[in-house]
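Worksheet: one structure, shown below.
Keep in mind the model is a prediction, meaning the values are calculated, not measured. Below, chain A is the first sequence line, B the second, and so on; all start at residue 1.
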2 protein chains.
Amino acid sequence: MASKVIGLRERNRQHRVGLILGAASRLFAQGGYDSTRIEEIAEVAEVAPATVYNYFTNKANILTALAARHVYSSWAERSAYVQNPPSDPVEAVQGFERLLADQAMRTLGRECWRVIMAAPYLQPGSRLHRAGIIFGWLIERHYRRMLRTFQERGQLDADVDIRALAELITAIGTYHFGRRVSDENMTLDTLKQDIERHVLITFLGVMPRQARPDAPGVLARH
Amino acid sequence: MASKVIGLRERNRQHRVGLILGAASRLFAQGGYDSTRIEEIAEVAEVAPATVYNYFTNKANILTALAARHVYSSWAERSAYVQNPPSDPVEAVQGFERLLADQAMRTLGRECWRVIMAAPYLQPGSRLHRAGIIFGWLIERHYRRMLRTFQERGQLDADVDIRALAELITAIGTYHFGRRVSDENMTLDTLKQDIERHVLITFLGVMPRQARPDAPGVLARH
DNA sequence: TATAAAAAAAGAGCCAACTCTAATTTTTTG
DNA sequence: CAAAAAATTAGAGTTGGCTCTTTTTTTATA
């Protein structure tokens with residue numbers, strides 16, 4: 001007992017936030033981020049426009065909340081993947097990037113992710129920016145978990161700095177996610193190949209001789 | 001002879017464009033990109049606001065032109081570096097990234113680069129976006145040139161896919177340039193170390209045994 | 001030099017995010 | 001249940017990028 005007693009005021013607050021986020025989520029998905037006016041969101045949420053500003057300082061701030069919700073709700077799925085990855089490291093990384101992208105697109109739509117990716121540049125220090133950094137750390141942690149598994153399996157040199165490697169792989173993944181989001185015409189296949197090339201090179205130096213991939217493509221002359 | 005005769009009309013056009021770009025460059029450097037209003041630019045350039053829009057469809061479009069000017073004017077310096085890089089590959093990459101960053105900051109200022117880095121996300125398909133892609137290709141070419149030199153020196157396996165490697169290094173560089181530009185508080189030293197860690201791992205697998213670095217840090221447990 | 005073509009300038013106006021202030025309503029508290 | 005506290009709401013206003021139309025000026029051409 002003594003579970004924190006929530007007053008009516010607080011309950012209303014949470015309810016309203018829920019309404020606003022729900023409305024925003026639907027409208028963003030439907031009409032896109034830019035063309036959705038805050039007035040609209042307020043209208044659908046059955047709330048005054050000023051109230052939206054009361055809870056969220058920015059339009060981008062609403063997106064922050066949605067993104068946070070997404071990150072939280074999809075955590076278990078990522079975690080499961082990472083604890084039992086495919087046997088081939090390169091394939092495992094590709095698969096994880098694929099999972100991340102699928103999860104991302106499932107909830108927010110490309111235009112929203114564009115805004116999120118642009119936030120560090122347009123609003124440095126904003127909540128959206130900080131949220132992005134933290135999400136990066138989370139992914140890095142997932143990769144560390146994955147890499148440790150590979151180490152236990154003997155597919156990775158024992159003396160590799162897992163932290164640095166996870167950092168690099170996260171960077172590569174983030175870079176390519178950015179390309180995917182910004183380029184409408186990029187095929188998933190091209191992207192997959194690009195990631196493969198880069199991850200292959202990355203792994204080349206840190207795998208024990210016998211586990212090293214033949215590196216088709218990497219060692220082939222162009 | 002028969003050198004293209006430029007009419008008065010064309011000469012005026014070029015002159016005006018020069019005035020506008022000059023004014024924009026000064027004002028962006030002085031007051032920042034966001035706070036510089038197009039009206040101001042017009043005023044300083046002694047031109048009507050409507051005329052600015054006549055030559056540049058966007059505010060961002062003005063930035064495109066400035067960036068293009070920068071890329072062109074600093075090409076020789078980059079080219080010189082790349083043709084005679086430091087003996088250590090990792091150091092060479094670090095040095096080139098440093099050169100790129102220095103060149104960048106020399107002409108445009110952090111805030112402008114933020115806008116440029118955000119362009120692929122906010123205005124996909126825009127001139128600024130395309131310009132960024134092309135600049136990426138240029139850097140990749142520089143790296144290919146550098147890597148070929150290392151190959152000739154025997155510091156790189158003969159059968160490495162130069163193209164893929166240059167692509168990866170460019171990606172790493174771009175990623176870190178983005179971090180540098182977006183994070184006000186990041187020290188150049190931290191950044192340098194991060195780049196070093198990543199490039200070290202990258203090179204580990206593609207260098208001949210005897211040329212391989214001791215990889216201090218990479219092979220150390222964290 | 002007169003006429004046609006092209007470009008620049010003036011100026012009004014749209015749009016949507018965001019701000020501010022002054023009610024009005026709701027919730028808490030004594 | 002009344003007074004105090006807190007939040008919602010209405011509504012007017014600001015800002016700056018951008019558009020559009022019309023007039024004026026400049027340049028090219030016959």
[X]: which residues meet the side-chain contact (heavy atoms from CB on, under 4.5 Å) condition with it, sequence neighbours left out?
X: B/Ser35; answer: none
X: A/Asn54; answer: none
X: B/Glu43; answer: none
X: B/Asp34; answer: B/Glu111

Open item on the list: Per the salt bridge (Lys or Arg N to Asp or Glu O under 4.0 Å) rule, what does the pair list look like for residues 75-84 of chain A, sequence neighbours excluded?
Closed with: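 Of all non-adjacent pairs touching residues 75-84 of chain A, those that pass salt bridge (Lys or Arg N to Asp or Glu O under 4.0 Å) are A/Glu77-A/Arg106.
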- [ ] Assign each of A/Glu46 and B/Ala60 to its nearest nucleotide of DNA chain D by heavy atoms, then name whichever residue's nucleotide is nearer the 5' end.
- [x]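 Whichever sits nearer the 5' end wins; that is A/Glu46.
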- [ ] For A/Asn54 and for B/Asn58, find the nucleotide of DNA chain D with the closest heavy atom, then tell me which residue's nucleotide is more 5'.
- [x]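 This one resolves to A/Asn54.
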Task: Presence of B/Tyr55 side-chain N/O under 4.0 Å of C/dA7 phosphate oxygens OP1/OP2 - done: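 It does not, given that no N or O in the side chain of B/Tyr55 lies less than 4.0 Å from OP1 or OP2 of C/dA7.
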Open item on the list: Quick check on D/dT8: is either OP1 or OP2 less than 4.0 Å from any side-chain nitrogen or oxygen of A/Thr51?
Closed with: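 No, because none of the side-chain N or O atoms of A/Thr51 sits under 4.0 Å from OP1 or OP2 of D/dT8.
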Open item on the list: Checking B/His176 against B/Glu97: is there a side-chain donor and acceptor pair closer than 3.5 Å?
Closed with: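 No pair is found: no donor N or O on one side chain lies under 3.5 Å from an acceptor on the other.
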- [ ] Check every atom of C/dC18, D/dT8, D/dC18 against the side chain of B/Tyr53 and return the nucleotide holding the closest atom.
- [x]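 The answer is D/dC18.
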Euclidean distance, atom [atom1] of residue [X] to atom [atom2] of [N] [Å, nearest integer]:
X: B/Leu19; N: C/dA8; atom1: CG; atom2: P; value: 12 Å
X: A/Glu43; N: D/dA10; atom1: CD; atom2: P; value: 12 Å
X: B/Asn61; N: D/dG17; atom1: CG; atom2: P; value: 14 Å
X: B/Arg13; N: C/dA6; atom1: CZ; atom2: P; value: 12 Å
X: A/Gln14; N: D/dT8; atom1: CD; atom2: P; value: 13 Å

- [ ] Residues of residues 109-128 of chain B with any non-hydrogen atom less than 4.0 angstrom from an atom of DNA chain C: list those, numerically ordered, please.
- [x]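 None - not one residue of the stretch has a heavy atom sitting under 4.0 Å from the strand.
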- [ ] Scan nucleotides 23-28 of chain D nucleotide by nucleotide, 5' to 3', and note B when protein non-hydrogen atoms come under 4.0 Å of the base, S if they reach only the sugar-phosphate, - if neither.
- [x] ---BBS
- [ ] Within residues 27-42 of chain A, find the residues that approach DNA chain D with a heavy atom at under 4.0 Å, and present them sorted by residue number.
- [x]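 Nucleic-acid contacts, sorted: none.
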Is [Y] paired with [X] through a side-chain N to carboxylate O contact shorter than 4.0 Å?
X: A/Lys192; Y: A/Asp189; value: no
X: B/Glu40; Y: B/Arg26; value: no
X: B/Glu140; Y: B/Arg163; value: no

Task: Option passing ring-ring contact (aromatic ring centres under 6.0 Å, His included) with A/His142 (candidates A/Trp137, A/Phe96, A/Phe135) - done: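 When A/Trp137, A/Phe96, A/Phe135 are each tested with A/His142, the ring-ring contact (aromatic ring centres under 6.0 Å, His included) holds only for A/Phe96.
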TODO: Using modelled atom types only, decide if a donor and an acceptor are shared between the side chain of B/Thr149 and the backbone of B/Arg145 within a distance under 3.5 Å.
DONE: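 The answer is yes, because a donor-acceptor pair under 3.5 Å joins these two groups.
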Open item on the list: Return the CZ to OG1 distance between B/Arg179 and B/Thr190, rounded to the nearest 0.5 Å.
Closed with: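 Result: 8.0 Å between the selected atoms.
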Task: OG1 on B/Thr202 to CD1 on B/Ile172, rounded to 0.5 Å - done: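 If I round to the nearest 0.5 Å, the distance is 3.5 Å.
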- [ ] Applying side chain to side chain donor-acceptor pair (under 3.5 Å), run through A/His198 and B/Glu167 and close with a yes or a no.
- [x] CA-CA 8 Å; A/His198 293 177; B/Glu167 208 179 83; 2.8 Å; yes
All N/O pairs under 3.5 Å across the protein-nucleotides 12-14 of chain C interface:
none

Any protein N or O atoms within reach of nucleotides 20-25 of chain C? Criterion: under 3.5 Å, listing atom names and distances.
none

Open item on the list: Applying salt bridge (Lys or Arg N to Asp or Glu O under 4.0 Å), can you list everything that pairs with B/Glu46, at least two apart in sequence or on another chain?
Closed with: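 Salt bridge (Lys or Arg N to Asp or Glu O under 4.0 Å) check on B/Glu46 returns nothing, list empty.
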Pair up each side-chain donor or acceptor in residues 6-13 of chain A with any protein partner under 3.5 Å, not counting sequence neighbours, and list the distances.
unit_1, atom_1, unit_2, atom_2, d
A/Glu10, OE2, A/Gln14, NE2, 3.2

